[in-house]
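Below is one structure, written out as structure tokens; comments come after it.
Just the heavy atoms: all of them, side chains too, but no hydrogens, waters or symmetry mates, feed the values below. Here is how names work: the chains are called A, B, and so on, in the same order as the sequence lines, proteins then strands, and each is numbered from 1.
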Protein chains: 2
Amino acid sequence: MVLPRAAKTQRRTRIQEEKEEQILEAALEVFSAHGFRGSTIDQIAEVAGMSKPNLLYYFRTKEAMHRALIDRVLDTWLDPLRALDAEGNPVAEIRSYIRRKLELARDYPRESRLFANEVLQGAPHIEDELKGPLKQLVDEKAEVIRAWAKAGKIAKCDPYHLIFAIWSTTQHYADFDVQVRAVLGQEHAGDGRFEDAARFLERLFVDGLQVRE
Amino acid sequence: MVLPRAAKTQRRTRIQEEKEEQILEAALEVFSAHGFRGSTIDQIAEVAGMSKPNLLYYFRTKEAMHRALIDRVLDTWLDPLRALDAEGNPVAEIRSYIRRKLELARDYPRESRLFANEVLQGAPHIEDELKGPLKQLVDEKAEVIRAWAKAGKIAKCDPYHLIFAIWSTTQHYADFDVQVRAVLGQEHAGDGRFEDAARFLERLFVDGLQVRE
DNA sequence: TGTAATGTTTACCAACCGGTCAAATTATCA
DNA sequence: TGATAATTTGACCGGTTGGTAAACATTACA
């Protein structure tokens with residue numbers, strides 16, 4: 001038996017799980033920093049601490065590695081939106097959605113950049129995920145938001161563009177981190193910018209969506 | 001005489017201007033779509049409709065091409081922020097800043113993606129621009145906004161994060177265009193999403209910043 | 001322990017990439 | 001027109017890249 005991918009479908013060795021984990025971690029590091037085309041298998045191998053042919057023993061191609069990474073990360077990435085609860089208090093729900101997204105940007109910036117790189121370059125590898133699961137989830141939650149607006153619980157607004165606005169403002173702190181740091185300057189060295197951002201964004205969206213008479 | 005770059009410092013031929021224009025246009029097309037490392041001189045040459053050595057006759061290296069492109073585009077890209085007028089009506093100024101940024105995202109998405117790619121990958125080629133001219137301009141306009149808030153003309157808020165929020169929400173429509181299209185679906189094929197976005201964002205920011213008693 | 005399956009590495013390949021060179025072609029202008 | 005400078009190209013080079021082949025090492029297990 002020479003094919004690990006085939007073996008995997010039956011039983012997975014302890015070694016297989018460990019090594020695939022190592023590789024995906026290294027792949028995340030490299031792909032998120034340079035994009036797909038800008039990354040090399042050699043770089044990933046070095047970060048993973050193993051030889052290039054060894055990587056290719058677990059993932060037959062660079063694309064397979066990238067695909068496995070995307071699949072593994074996408075779910076986690078969408079969790080905050082999934083958590084948006086139609087039964088909850090609308091303003092509180094949106095507020096905590098923003099907070100969760102911002103925490104993701106702070107704690108998992110590489111995952112954010114992985115998608116950003118991919119989407120920015122035309123999403124050649126994840127078109128199906130965007131048009132399928134992503135669109136479905138957004139459609140569903142957009143309906144929730146629309147219902148809140150209709151019931152007069154928040155201001156009337158386009159739910160899709162509201163979601164886009166929350167995505168972009170929060171992910172900005174992961175994807176464009178160097179720019180944010182450059183503009184804010186040295187004095188904002190720690191994670192303080194995330195707390196400032198949270199305060200600003202919660203206020204912006206809550207005040208911007210509040211119904212007033 | 002074999003050095004076009006040297007000749008250029010003295011006099012520029014008609015041909016030189018035309019060809020450099022062609023090359024930079026092609027470079028914008030390619031760099032914005034694949035990032036620096038993901039782009040090849042051959043690709044740019046093909047788009048420009050000339051041979052690779054011919055490109056390298058006008059720009060000695062791939063980096064030189066990229067640098068020239070950044071230099072040419074950066075100014076235009078910052079114009080909307082530069083236009084923010086301390087003497088104008090604050091709410092109207094912010095509203096038209098948003099509108100202008102959104103128009104840029106609609107009309108010049110490649111320029112937006114050029115910077116997005118660059119910043120996303122750690123801004124290896126434009127660090128100086130970020131920490132220099134960009135930071136300076138933002139510092140200046142942040143002061144303007146702070147003054148407006150202090151004078152009670154808009155709600156008190158962190159001006160830097162306000163600027164980040166406007167950048168991210170507007171550029172989102174250029175940088176993540178494929179995602180926006182995928183989520184909105186076929187029915188939003190035209191430019192309608194930009195008008196919807198404008199309506200949503202103007203309302204969000206204006207209501208979010210308005211002073212209420 | 002032995003042996004078959006699994007895991008790892010060295011050496012290698014063909015394609016690609018950034019860039020050079022020299023020769024050929026075209027524009028400029030006295 | 002003719003000579004000189006400017007422009008363009010095909011052939012090429014060394015280094016890199018994704019991926020392979022096969023030998024070697026290790027593990028699992030009867």
- [ ] Write down the distance between CD (A/Glu18) and C1' (C/dT8), rounded to a whole number of angstrom.
- [x] 15 Å
Open item on the list: It should be established whether B/Lys19 places a side-chain nitrogen or oxygen under 4.0 Å from OP1 or OP2 of nucleotide D/dT8.
Closed with: yes
- [ ] Return the value, rounded to whole Å, for the distance between atom CD of B/Gln16 and atom C1' of D/dT8.
- [x] 14 Å
Open item on the list: Output the rounded distance in Å from CZ (B/Phe59) to P (C/dT20).
Closed with: 16 Å
Task: Qualifying residue for side chain to side chain contact (heavy atoms under 4.5 Å, CB included) with A/Thr169, from A/Leu102, A/Ile98, A/Leu201 - done: A/Leu201
TODO: Could you identify which residues of residues 114-121 of chain A place a heavy atom less than 4.0 Å from some atom of DNA chain C, listed by residue number, or say none?
DONE: none
Task: Annotated protein contacts, base or backbone, on nucleotides 9-17 of chain D with a non-hydrogen cut-off under 4.0 Å, one of B, S, - each - done: BB------S
Open item on the list: Is a donor from one side chain sitting under 3.5 angstrom from an acceptor on the other, for A/His34 and B/Gln121?
Closed with: no
Open item on the list: How many whole angstroms separate atom CD of B/Glu63 from atom C1' of C/dG18?
Closed with: 11 Å
TODO: Kindly write out the residues that satisfy side chain to side chain contact (heavy atoms under 4.5 Å, CB included) with A/Leu134, not counting sequence neighbours, or none if the list is empty.
DONE: A/Leu78, A/Leu130, A/Val138, A/Trp167, B/Gln179, B/Val183
Open item on the list: Minimum heavy-atom separation for A/Phe36 and A/Phe31, please, with both atom names.
Closed with: CD1-CE2, 3.7 Å
TODO: Tell me whether the centres of the aromatic rings in A/Tyr173 and B/His161 are closer together than 6.0 Å.
DONE: yes
Open item on the list: Whether A/Asp42 and A/Lys52 form a salt bridge (side-chain N of Lys/Arg under 4.0 Å from carboxylate O of Asp/Glu) is what I want to check.
Closed with: yes
Open item on the list: According to side chain to side chain donor-acceptor pair (under 3.5 Å), who are the partners of B/Arg146, at least two apart in sequence or on a separate chain?
Closed with: none
Open item on the list: What is the distance, to the nearest angstrom, from the CD atom on B/Glu20 to the C1' atom on D/dT7?
Closed with: 13 Å
Open item on the list: Give me the atom names and distance for the closest heavy-atom approach of B/Arg193 to B/Asp177.
Closed with: NH2-OD1, 3.0 Å
Where do N or O atoms of nucleotides 26-28 of chain D meet protein N or O atoms at under 3.5 Å, pair by pair?
from: D/dA28; atom 1: OP1; to: A/Arg14; atom 2: NH1; distance (Å): 3.3

Open item on the list: What is the distance, to the nearest angstrom, from the NE2 atom on A/His66 to the C1' atom on D/dG18?
Closed with: 16 Å
Open item on the list: Looking at every non-hydrogen atom in both residues, tell me the closest pair between A/Arg100 and A/Pro80 and how far apart they are.
Closed with: CB-CB, 4.0 Å
Open item on the list: How long is the straight-line distance from CD of A/Glu18 back to OH of A/Tyr58, given to the nearest 0.5 Å?
Closed with: 9.0 Å
TODO: Write down the distance between OH (B/Tyr58) and C1' (C/dG19), rounded to a whole number of angstrom.
DONE: 18 Å
Open item on the list: Suppose the criterion is salt bridge (charged side-chain N to carboxylate O under 4.0 Å, His left out): which pairs have a residue in residues 23-33 of chain B, not counting sequence neighbours?
Closed with: B/Glu25-B/Arg110, B/Glu29-B/Arg110
